[in-house]
Amino acid sequence: MAVDRYDARASEPKWQKIWDDSQVFRSETDPSRPKYYVLEMFPYPSGKIHIGHGRNYVMGDVVARYRRACGFNVMHPMGWDAFGLPAENAAIERGVHPEAWTRENIATMKSQLKLLGLSLDWDREVATCDADYYKHQQKMFIDFERLGLAYRKESEVNWDPVENCVLANEQVIDGRGWRSGALVEKRHLPQWAFKITAYADDLLETLSGLDRWPDKVRLMQTNWIGRSEGLTFSFALETEDGTPFDERLTVYTTRHDTIFGASFCAVSPDHPLIGRLAKDRPDLDAFRREFDALGTSEEVIERTEKRGLETGLYAVHPFRPGVRLPVYAANFVLMGYGEGAIFGCPAHDQRDLDFARKYGLDVIPVVAPEGTDPAVFDVEDDAFLDKDAGSVRMINSDFLDGMTVAEAKDAIASRFEANGAGKRAVNYRLRDWGISRQRYWGCPIPMIHCDVCGIVPVPDADLPVRLPEDVVFGEAGNPLEHHPTWKYVDCPSCGKPAVRETDTMDTFVDSSWYFARFCSPKSDDLPVERADVDYWLPVDQYIGGVEHAILHLLYARFFTRAMRDAGYVGLAEPFAGLFTQGMITHETYRTEEGWQFPEDVTRHEDGRVTLADGTAVSVGSAEKMSKSKRNVVSPESLVDTYGVDAARWFMLSDTPPERDSEWTQAGIEGAWRLVQRIWRTVNEATARGAERSTSIPTDLDDTAHAMRRATHVAISQITDDIERLRFNVAIAHLYELVNTLAASLANERDPTAALGWAWREAAETLVLLAAPMVPHLAEECWTISGGDGLVVNQSWPEADPALLEQNTITLPVQVNGKKRDELTIARSADTRQIEAAVLELDGVRRALGEKTPRKVIVVPERIVNVVA
RNA sequence: GCGGGCGUGGUGGAAUCGGUAGACACAAGGGACUUAAAAUCCCUCGCUCCUAGAGCAUGCGGGUUCAAGUCCCGCCGCCCGCACCA
């Protein structure tokens, strides 16, 4: 019956249909069985997918199929992060409705994903733009508001004065609005925010328990939360002529030990004190406005020169009688951190030093390496930092002299706490999460503004607040704001005319709980059913790009806590295991006409040319696959030529999964050859091996034993590789098993019964071990070899420990640390026997020559080293 | 600037604990089969010396150890994250 080629094009759709028809990937809540929840970050439906999008789904699929085989009740769902700005841009540019555009993209991408043969439970599919989804989100928003976790906050926004609307940071280019080109201003507007800072400590502390997360991601989150311990205290202020001022200046510092080195204070231009002084000071007012005109883009702030302007006020030094510090308004002080005001100690902070040099202020060193003479120690161009020296002591600091930094901090903090002018304080870099967006294509915020009652939540019975369909795009501002009727409602509380909130939620809100919704995708009354989330959550293995290491993952962790406090779930951490995969890259091709698709380019002599007319193509380095550079490969083109199994194999081969991997023609061809090789090898082993019904031969000859051993070593290694998500190594070990089986088939023309049985075992095991990576091929091979049922319903093979052990072992033998020979000896041999045997070896004798061995080191079952 | 990671053949990369460096694959070269091609199979493949064998090799320089890609110290280079955070 043997045909000489595996026909992926015929085989793949056939098996996909069989899986679909038998609903093997459906999952049900079933507390009697152990569960395993595998999730890849759900996609934004931007149009078409290319193979660069496929890598994380394939990795997740390997895990899902493997866990299924291990007996877990596996949930592996898929959905769509469907709200977002690109849909609105499409509406403006092409006149399509955002919803129509989004739905069409979902349909396209769903059919493309199906080509990949993923073991997904499509019954659980959700799209965040479904009213059935976002109505629950609105309900939870109202719950959070009630709990104080959602609130109105004056926030800095980028304001486009021509379009009269708020811009996201990405929409500000070189300080100008992306569409209007107008200079962007900083404005303060009331915006909705989530109180993520309420959980700052918990979010930080729990990180250390997330031991199946990459260290890198945990560190990034730690830095993002940015906890610091310091002191908040206030200075008395006075004017130039020494008249006391009627306000004190409160600052936050982590370096209160350096208080004796203070030579100035600086406050943010947004500080209320500046607002007050600016009334009589046109120059201060101008400085303040100039600062606001910068916008909120960090890039702009970064490039701006550090400048200060004297306020005319002086801070009275708390410990140095008669000393007063000039107070500046400074553009590098942020209103949003600490108190929006600092004291500067130039000797021990580079930024303060630069500022002091610029404005001619004192530089007083107060910390010096232990044993330094204070009279000699000085600071020139570089501030002196603790870490520059091993052990340091306070100098020039009165009652602090001779103390360590920690002792000095403690002494100062205690003094301030004693006299009530200050107290120890913890600060976070983390800010509350502003979620208001002035856009149409997002989840409406379910609030109503009433002149009489204030802000009133939409009653449950009126949820969802649906987006209106008849909107006009392209005008300045938010289409919801312009809609003729949508925002006008009666106040649910007093019945008088009122207006709806027209802001929609940040799309990060949508993706902060979809993993929970997958547990109860059809639930109508509640966002999630408690029995379902209690069973399925947390996600056991979450897979996605490292670009989401901070925001998405932190928001999801916050949202899960908020859901817990609102009574919807019983846990705080949504993702027990996290894996961040690398991207797929591809060379870029370019002619004078512009970027070229790889499929339009071919090799020609020593370069590349276009297929169409042979124009020379310049080849660029491998970069992330992207539509704009056209260095993409479509799943459709692969399915037609190589089959999706070859593509899956290639995506998992060679490169460690967390690293970027380059897509090449040679690579996909190599994967295709491997698919064919497995198919041929299994065919031959089936034809020449034992019958399926024969039982294990009791008497194994050496060759058969070696074959069985190779099979069971492979089981052990590959199981371990997949457990640890080292797919590239799993694939190398699969190659080894294929190579061993193929070589045995080629070398043994006349197999014993035992070897025939070992071949058969090897072939069937190979199929089961390869199945998570190449599932269609595995089904086809399983059928050929007469297996019952489907591979997807088979159990994962188990290694026989007896076969992993060996009676004789071969030890490398070194002389003075260099390998000179090998010793094959009984595993049971003791150290004394090994020592004796080693000294008889030719290689050892040659290497020793005249020298006498002084010592023989035997590391059991590893290595022997003769020291001479 | 701060924090983290990485550096191994022509290439992607292996090497749980310090214990045979280069598994596995790609590329390249040679051969078999074939009228020919494709496919397949076999051989070679870190560098140096003519081979047996030996010497040198995991960015560079030191150190610890019987033994270092792995641990320690100092450089060099690349990548990532954060960035006026007081």
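Keep in mind it's a predicted model, so treat the numbers as computed, not measured. All values below come from the heavy atoms of this structure, side chains included, with hydrogens, waters and symmetry mates left out. Naming convention: chains lettered A, B, ... in sequence-line order (proteins, then strands); numbering from 1 in each chain.
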Expressed in angstrom and rounded to an integer, what is the separation of [X] atom [atom1] from [N] atom [atom2]?
{"X": "A:D654", "N": "B:rA27", "atom1": "CG", "atom2": "C1'", "answer": "12 Å"}
{"X": "A:N223", "N": "B:rC80", "atom1": "CG", "atom2": "C1'", "answer": "13 Å"}
{"X": "A:I731", "N": "B:rC24", "atom1": "CD1", "atom2": "C1'", "answer": "10 Å"}
{"X": "A:R862", "N": "B:rA15", "atom1": "CZ", "atom2": "P", "answer": "13 Å"}
{"X": "A:R659", "N": "B:rA25", "atom1": "CZ", "atom2": "P", "answer": "19 Å"}
{"X": "A:E547", "N": "B:rC79", "atom1": "CD", "atom2": "C1'", "answer": "16 Å"}
{"X": "A:R726", "N": "B:rA25", "atom1": "CZ", "atom2": "P", "answer": "17 Å"}
{"X": "A:R429", "N": "B:rA83", "atom1": "CZ", "atom2": "C1'", "answer": "8 Å"}

Margin query: So, taking the atom named CG in A:L737 and the one named CD in A:Q717, what distance separates them when rounded to the nearest 0.5 Å?
Written below: 9.5 Å
Closest approach of [X] to [Y] (non-hydrogen atoms, all atoms of both residues):
{"X": "A:G261", "Y": "A:V366", "answer": "N-CG1, 3.5 Å"}
{"X": "A:E339", "Y": "A:T232", "answer": "OE2-CG2, 3.6 Å"}
{"X": "A:A383", "Y": "A:L353", "answer": "N-CD2, 3.6 Å"}

Across all strands shown, which nucleotide pairs with [N] by Watson-Crick or G-U wobble geometry, both distances under 3.5 Å?
{"N": "B:rC17", "value": "none"}
{"N": "B:rA52", "value": "none"}
{"N": "B:rA86", "value": "none"}
{"N": "B:rA39", "value": "none"}
{"N": "B:rC24", "value": "B:rG12"}

Tell me, please, which residues at least two apart from [X] pass salt bridge (Lys or Arg N to Asp or Glu O under 4.0 Å).
{"X": "A:R827", "answer": "A:E805, A:E861"}
{"X": "A:R557", "answer": "A:E573"}
{"X": "A:E229", "answer": "A:R227"}

Notebook entry, point to check: Which glycosidic conformation, syn or anti, is assigned to B:rG7 if syn requires a torsion within 90° of zero?
Noted result: anti
Next item on the list: Could you tell me whether B:rC47 is syn or anti, where syn means a glycosidic angle within 90 degrees of zero?
Entry: anti
Note to self: What does the B/S/- profile of nucleotides 41-58 of chain B look like, 5' to 3', with a 4.0 Å heavy-atom cutoff to protein?
What the structure shows: S-----------SSSS--
Under 4.0 angstrom, heavy atoms only, what part of the nucleic acid is [X] near: base, sugar-phosphate, or nothing?
{"X": "A:R255", "value": "sugar-phosphate"}
{"X": "A:N728", "value": "sugar-phosphate"}
{"X": "A:S653", "value": "nothing"}
{"X": "A:Y735", "value": "sugar-phosphate"}
{"X": "A:V333", "value": "base"}

Nearest-Å distance once atom [atom1] is located in both [N] and [M]:
{"N": "B:rA23", "M": "B:rG46", "atom1": "P", "value": "9 Å"}
{"N": "B:rC45", "M": "B:rG31", "atom1": "C1'", "value": "15 Å"}
{"N": "B:rA15", "M": "B:rC84", "atom1": "P", "value": "40 Å"}
{"N": "B:rG18", "M": "B:rU58", "atom1": "C1'", "value": "15 Å"}
{"N": "B:rA25", "M": "B:rA14", "atom1": "P", "value": "15 Å"}
{"N": "B:rC6", "M": "B:rA52", "atom1": "P", "value": "38 Å"}
{"N": "B:rG3", "M": "B:rG10", "atom1": "P", "value": "36 Å"}
{"N": "B:rU11", "M": "B:rU48", "atom1": "P", "value": "15 Å"}

Check: Want to settle it: does A:T810 or A:L219 sit nearer the 5' end of RNA chain B, counting the closest nucleotide to each?
Finding: A:L219
Item checked: Nearest-nucleotide comparison on RNA chain B, the residue closer to the 5′ end among A:M335 and A:W224 -> A:W224
N/O contacts under 3.5 Å, protein versus nucleotides 65-67 of chain B?
{"from": "B:rC66", "atom 1": "O2'", "to": "A:N865", "atom 2": "ND2", "distance (Å)": "3.2"}
{"from": "B:rC66", "atom 1": "O2", "to": "A:N865", "atom 2": "ND2", "distance (Å)": "2.7"}

Note to self: In terms of relative ring orientation, are A:Y328 and A:Y359 parallel, tilted or perpendicular, with 30° and 60° separating the classes?
What the structure shows: tilted
Next item on the list: Look at the aromatic rings of A:W679 and A:Y6 and report parallel, tilted or perpendicular, splitting at 30° and 60°.
Entry: tilted
Note to self: For a quick test of reading the model: is some side-chain N or O of A:Y252 closer than 4.0 Å to OP1 or OP2 of B:rA86?
What the structure shows: no
Item checked: Presence of A:R724 side-chain N/O under 4.0 Å of B:rU16 phosphate oxygens OP1/OP2 -> no
Notebook entry, point to check: Does A:D842 CG have over 12 foreign heavy atoms under 6.0 Å away?
Noted result: no
Could you pull out every donor-acceptor pair under 3.5 Å between side chains of residues 655-669 of chain A and any protein atom, sequence neighbours left out?
{"from": "A:D660", "atom 1": "OD1", "to": "A:M583", "atom 2": "N", "distance (Å)": "2.8"}
{"from": "A:T664", "atom 1": "OG1", "to": "A:G667", "atom 2": "N", "distance (Å)": "3.0"}
{"from": "A:Q665", "atom 1": "NE2", "to": "A:Y642", "atom 2": "OH", "distance (Å)": "2.7"}
{"from": "A:Q665", "atom 1": "NE2", "to": "A:E669", "atom 2": "OE2", "distance (Å)": "3.2"}

Check: Pick from A:R351, A:Q350, A:K358: which one makes a side-chain hydrogen bond (donor to acceptor under 3.5 Å, both in side chains) with A:D354?
Finding: A:Q350
